[in-house]
Enquirer: 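Please read through the structure below; I'll follow up with questions.
Just the heavy atoms: all of them, side chains too, but no hydrogens, waters or symmetry mates, feed the values below. Here the structure is a predicted model, which is why all the values come from computation and not from measurement. Note that the numbering runs from 1 along the sequence shown for the chain.
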Amino acid sequence: MVGLSPQITNLIIILGVMQIAKKIPFEDPFVLNACRAAYILSNVIILGINLYIKSVVDKKKDLTTLKYVEPAPMGSSEEGKLVTTTIHAYDVGQIKNLLRAQMMGVGMMAVMHLYFHYTNPLLIQSIIPLKGALESNMTKIHLFGQPAAGDLKRPFKQPAGFMSGLQSGPAQSDKKAVEAAERAGRGGAKEE
């Protein structure tokens, strides 16, 4: 599926897995436990990837200064805030966001499966988050060794999604925007 956006491939995978799930006998305890095991294994792999990337980031400890203008909250009349940080701190923050998103997904899945007894999402959530972890910018840079240029240039662009129209714009790292924010005195406190 080379050339298709991740959202399109996710949709194709979801529709395909939903068709397959109709034929799976979830009433059989062995099949149900196998699906649970696949879900747990998927999350262990994702956690392993993220922790490995964190160790690589900590080992590199790139203290190159990174400046960008964080967009103002949607509906706010304020200007964007200047953020001055390091590549190491930015990457650690990205990893924390990935880990937090994974824990939220596990929590939601636990409620859906254990409380509401839904079984089909076990299959989908065994595949989509693992695919997402392998396609993340952090994985591309630190695991697959791609250069941090183009779409992988920090600060990362937010992926276009269903709710992207409701979010504020992307972070601006161009020299003009950073200098304008510095002159205006908006933010600029170095994050540690």
Enquirer: May I ask you to test the L82-T84 pair for a side-chain heavy-atom distance under 4.5 Å?
Expert: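 Yes - at least one pair of side-chain heavy atoms lies under 4.5 Å apart.
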Enquirer: Going by the side-chain contact (heavy atoms from CB on, under 4.5 Å) test, name the single residue among V57, V56, D58 that passes it with K54.
Expert: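 Looking at V57, V56, D58, the match for K54 under the side-chain contact (heavy atoms from CB on, under 4.5 Å) is D58.
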Enquirer: Does a side-chain heavy-atom distance below 4.5 Å link V83 with K81?
Expert: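 In contact.
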Enquirer: Is it possible for you to say whether M109 and V31 belong to one hydrophobic cluster, with membership spreading through side-chain heavy-atom contacts below 4.5 Å?
Expert: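 Both belong to a single hydrophobic cluster.
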Enquirer: Between CE of M138 and CZ of F144, what distance do you get to the nearest 0.5 Å?
Expert: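 Rounded to the nearest 0.5 Å, the CE-CZ separation comes to 13.0 Å.
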Enquirer: Using a 3.5 Å distance criterion without hydrogens, assess whether the side chain of S126 forms a donor-acceptor pair with backbone atoms of Y39.
Expert: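 Indeed, once roles are kept as given, a pair shorter than 3.5 Å links the two residues.
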Enquirer: Measuring from I87:CD1 to K61:NZ, what's the distance to the nearest 0.5 Å?
Expert: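 If we round to the nearest 0.5 Å, I87:CD1 and K61:NZ are 13.5 Å apart.
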Enquirer: Do P6 and K131 come within less than 4.5 Å of each other through their side chains, counting heavy atoms only?
Expert: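 Counting from C-beta outward, P6 and K131 do come under 4.5 Å.
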Enquirer: First locate atom CG of L4, then atom CD1 of I12, and finally report the distance between them rounded to the nearest 0.5 Å.
Expert: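 Rounded to the nearest 0.5 Å, the CG-CD1 separation comes to 5.5 Å.
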Enquirer: Are the side chain of H88 and the backbone N or O of L63 linked by a donor-acceptor pair below 3.5 Å?
Expert: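 Between the backbone of L63 and the side chain of H88 there is no qualifying donor-acceptor contact (under 3.5 Å).
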Enquirer: Is there a donor-acceptor contact under 3.5 Å from the side chain of T139 to the main chain of L134?
Expert: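 Between the backbone of L134 and the side chain of T139 there is no qualifying donor-acceptor contact (under 3.5 Å).
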Enquirer: For Y90 and F156, indicate whether the former's side chain and the latter's backbone hold a donor-acceptor pair under 3.5 Å.
Expert: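 Confirmed, Y90 side chain pairs with F156 backbone.
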Enquirer: Can you tell me how far CG of N120 sits from CE of M112, rounded to the nearest 0.5 angstrom?
Expert: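 The CE atom of M112 sits 9.5 Å away from the CG atom of N120.
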Enquirer: Could you check L98, I49, L143, N50 and say which one makes a side-chain contact (heavy atoms from CB on, under 4.5 Å) with S136?
Expert: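 Exactly one pass, corresponding to L98.
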Enquirer: Do Y115 and Y118 share a hydrophobic cluster (ILVMFWY, side-chain heavy atoms under 4.5 Å, transitive)?
Expert: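 Yes, Y115 connects to Y118 through the hydrophobic network.
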Enquirer: For residues Q94 and N137, is any side-chain donor paired with an opposing acceptor at under 3.5 Å?
Expert: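 No, no side-chain donor-acceptor pair sits under 3.5 Å.
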Enquirer: How about CE on M103, more than 12 heavy atoms from neighbouring residues, nucleotides or ligands closer than 6.0 Å, or not?
Expert: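 Enclosed: over 12 neighbouring heavy atoms sit under 6.0 Å from CE of M103.
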Enquirer: Please tell me if the side chains of R154 and D91 come closer than 4.5 Å, counting only heavy atoms from C-beta onward.
Expert: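 A side-chain contact under 4.5 Å exists here.
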Enquirer: Indicate if I13 and L11 have the same hydrophobic cluster label, given that clusters are the connected sets of ILVMFWY residues with side-chain heavy-atom separations under 4.5 angstrom.
Expert: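 No, I13 does not connect to L11 through the hydrophobic network.
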Enquirer: Working to the nearest 0.5 angstrom, can you tell me the gap between H113 NE2 and L122 CG?
Expert: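 If I round to the nearest 0.5 Å, the distance is 5.0 Å.
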Enquirer: Less than 4.5 Å apart, side chain to side chain, heavy atoms only: is that true for C35 and L123?
Expert: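 Of all side-chain heavy-atom pairs linking L123 with C35, at least one is under 4.5 Å.
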Enquirer: Given side-chain contact (heavy atoms from CB on, under 4.5 Å), test L99 with L47 step by step and report yes or no.
Expert: CA-CA 7 Å; L99 290 170; L47 181 63; 3.7 Å; yes
Enquirer: Between I14 and V17, is there a shared hydrophobic cluster once you connect ILVMFWY residues whose side-chain heavy atoms come closer than 4.5 Å?
Expert: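 Cluster IDs for I14 and V17 match.
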Enquirer: Contact between T86 and T64 at the side-chain level, heavy atoms closer than 4.5 Å - yes or no?
Expert: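 Result no, sub-4.5 Å side-chain heavy-atom pair not found.
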Enquirer: Does Q102 reach the main-chain N or O of N43 with its side chain, forming a donor-acceptor pair under 3.5 Å?
Expert: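 Present.
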Enquirer: Got a second to check how far I128's CD1 is from N10's CG, nearest 0.5 Å?
Expert: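 Rounded to the nearest 0.5 Å, the CD1-CG separation comes to 4.0 Å.
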Enquirer: Is there a path of hydrophobic side-chain contacts, each under 4.5 Å between heavy atoms of I, L, V, M, F, W or Y residues, that connects V92 with L152?
Expert: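 In one cluster: yes.
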Enquirer: Would you please say whether a donor-acceptor pair under 3.5 Å links the side chains of K60 and H142?
Expert: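 Present: a donor and an acceptor within the cut-off.
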Enquirer: Might you work through the side-chain contact (heavy atoms from CB on, under 4.5 Å) test for L32 and R36, ending with a clear yes or no?
Expert: CA-CA 6 Å; L32 183 58; R36 289 175 178 157; 3.3 Å; yes
